[in-house]
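Here the structure comes first, spelled out in structure tokens, and everything after it is commentary.
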There are 2 protein chains.
Amino acid sequence: MRPEERIFRNCLASRGLRYTPERNIILQEAFNRHDHFEAEDLLYSIRKKEKRTSRATVYRTLELLVQCGLLQVVDFGGNSHHYEHVLGHQHHDHLICERCGRIIEFTHRQLEKLKEKVCQEMDFDGRSHTLKIFGICDQCRGNTKR
Amino acid sequence: MRPEERIFRNCLASRGLRYTPERNIILQEAFNRHDHFEAEDLLYSIRKKEKRTSRATVYRTLELLVQCGLLQVVDFGGNSHHYEHVLGHQHHDHLICERCGRIIEFTHRQLEKLKEKVCQEMDFDGRSHTLKIFGICDQCRGNTKR
DNA sequence: TATTTATTGAGATTGAATCTCAATTTCAAC
DNA sequence: GTTGAAATTGAGATTCAATCTCAATAAATA
Ligand SMILES: [Mn+2]
Ligand SMILES: [Mn+2]
Ligand SMILES: [Zn+2]
Ligand SMILES: [Zn+2]
């Protein structure tokens with residue numbers, strides 16, 4: 001059994017909820033993807049495969065997947081939420097190209113330290129963070145520096 | 001003349017646009033505030049003072065104020081945009097208390113350096129960034145550490 | 001004054017997200 | 001395998017911020 005399925009089953013069971021066919025379809029579709037995606041996209045993909053699932057169930061299930069720690073909402077400033085995998089991905093932040101919209105992931109160990117320092121100085125109990133850097137990606141600059 | 005008014009007038013003039021009474025009211029109201037605010041709040045405040053202004057004009061004018069560099073959109077993850085002053089405020093980032101919703105501003109000079117480093121390593125021309133740290137504020141922890 | 005151009009506002013529209021509730025499914029107990 | 005309680009689903013209604021439409025109005029210009 002795929003690890004995400006086991007986790008989802010366990011999480012649901014521990015809350016007295018059921019692993020239904022609809023939830024299975026949505027889980028599969030969410031983990032077939034390997035980029036950031038939107039709820040409406042997911043719904044569209046599922047319907048294209050003639051698997052009928054309601055919009056309400058998609059939204060409800062994505063919320064459950066977030067609660068179970070399998071997915072995460074990530075906000076790129078548009079008018080809709082985006083989701084990404086948590087399972088199998090370490091924490092990372094994002095570069096966002098303002099010209100082509102490309103999203104590039106990165107991690108930087110110093111950022112974690114800096115976060116600790118800021119929290120200490122501000123007497124804040126920081127639990128999580130998001131850093132987004134907006135600019136122009138290398139492709140859009142035609143691979144010329146600056 | 002208040003500096004924000006001069007800037008707004010100049011910016012509008014340079015684009016062949018007019019400084020109207022409605023735009024004046026909205027500018028004033030936006031700069032009376034000294035925290036993060038939403039378009040609907042602003043509209044409500046204006047109407048409470050019996051100054052009739054349409055929702056469309058408020059949204060349109062806020063957009064102009066952003067384009068003129070007087071305001072900035074800042075996203076706290078809710079379902080609506082928030083605005084904050086740019087004029088008279090240096091760049092800063094935000095701590096967001098997940099219990100009481102309080103927004104705390106901070107600046108940290110190392111963050112700018114780190115951003116430069118990340119951009120260099122990733123071959124990305126970074127123009128701006130936002131860092132949000134989510135957690136629990138000192139007040140919500142009852143002023144006890146951790 | 002006449003003409004052009006920008007602006008406004010009431011209301012319609014969009015679109016993501018949520019809600020409602022009757023019908024259906026699931027599961028455990030008998 | 002029948003029964004009943006509890007969870008789940010889906011079609012469609014609803015919400016809400018934000019945007020759009022377009023006729024009426026105001027301001028600038030000739
Ligand atoms: Mn990501
Ligand atoms: Mn701020
Ligand atoms: Zn790009
Ligand atoms: Zn707090």
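Because the structure is predicted, anything quoted here is derived from the model rather than measured. Throughout, protein chains are lettered first and strands after them, A, B, ... in sequence-line order, and every chain is numbered starting at 1.
Counting non-hydrogen atoms of neighbouring residues, nucleotides and ligands closer than 6.0 angstrom, the CD atom of B:Q90 reaches no more than 12 such neighbours. Around the CD atom of B:E121, the shell of radius 6.0 Å holds more than 12 heavy atoms that belong to other residues, nucleotides or ligands.
As a whole-Å value, the separation of B:R9 CZ from C:dA6 P is 19 Å. Rounded to whole Å, the distance from OH on A:Y44 to P on C:dA16 is 14 Å. Rounded to whole Å, atom C1' of D:dT8 lies 16 Å from atom CD of A:E63. Nucleotide C:dT25 holds its C1' atom 17 Å from the OH atom of A:Y19, rounded to whole Å. The nearest whole Å value for the distance from the NZ atom in A:K51 to the P atom in D:dG10 is 14 Å. Distance B:H81 NE2 to C:dA16 C1': 13 Å, rounded to the nearest Å. Atom CG in A:L12 sits roughly 14 Å away from atom P in C:dT26 (whole-Å rounding).
A:R47 meets the side-chain hydrogen bond (donor to acceptor under 3.5 Å, both in side chains) test with no other residue; sequence neighbours excluded. Residues satisfying the salt bridge (Lys or Arg N to Asp or Glu O under 4.0 Å) test with A:R23, not counting sequence neighbours, are none.
Counting only heavy atoms from C-beta outward, the side chains of B:C119 and B:D125 never approach each other to under 4.5 Å.
If you check the gamma sulfurs of B:C68 and B:C11, they are less than 2.5 Å from each other.
A sub-4.0 Å separation between OP1 or OP2 of D:dT19 and a side-chain N or O of B:Y59 is absent.
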Review item, nucleotides 28-30 of chain D N/O atoms under 3.5 Å of protein N/O:
none

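Nearest-nucleotide assignment on DNA chain C puts the 5′-proximal partner with B:R15, out of B:R15 and B:R52.
With ring centers used as reference points, B:F106 lies 6.0 Å or more from B:H92.
Only at 4.0 angstrom or more do the heavy atoms of residues 20-42 of chain A sit from any atom of DNA chain C, so none qualifies.
Side chains of B:H108 and B:D93: a donor-acceptor N/O pair is absent below 3.5 angstrom, by distance only. Side-chain N/O atoms of A:E116 and A:Q120 include no donor and acceptor closer than 3.5 Å.
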Return all side-chain donor-acceptor pairs below 3.5 angstrom for residues 34-42 of chain B, not counting sequence neighbours, or 'none' if the list is empty.
{"unit_1": "B:H36", "atom_1": "NE2", "unit_2": "B:E84", "atom_2": "OE1", "d": "2.8"}
{"unit_1": "B:H36", "atom_1": "NE2", "unit_2": "B:H94", "atom_2": "NE2", "d": "3.2"}
{"unit_1": "B:H36", "atom_1": "NE2", "unit_2": "B:E105", "atom_2": "OE2", "d": "3.0"}
{"unit_1": "B:E38", "atom_1": "OE1", "unit_2": "B:S80", "atom_2": "OG", "d": "2.5"}
{"unit_1": "B:E40", "atom_1": "OE1", "unit_2": "B:R55", "atom_2": "NH2", "d": "2.9"}
{"unit_1": "B:E40", "atom_1": "OE2", "unit_2": "B:R55", "atom_2": "NE", "d": "3.1"}
{"unit_1": "B:E40", "atom_1": "OE2", "unit_2": "B:Y59", "atom_2": "OH", "d": "2.7"}

Self-check item: Heavy-atom protein contacts under 4.0 Å, nucleotides 10-15 of chain C, coded B base, S sugar-phosphate only, - none
Solution: B-----
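Under the 4.5 Å side-chain heavy-atom criterion for grouping Ile, Leu, Val, Met, Phe, Trp and Tyr, A:L62 is connected to A:Y19 within one hydrophobic cluster.
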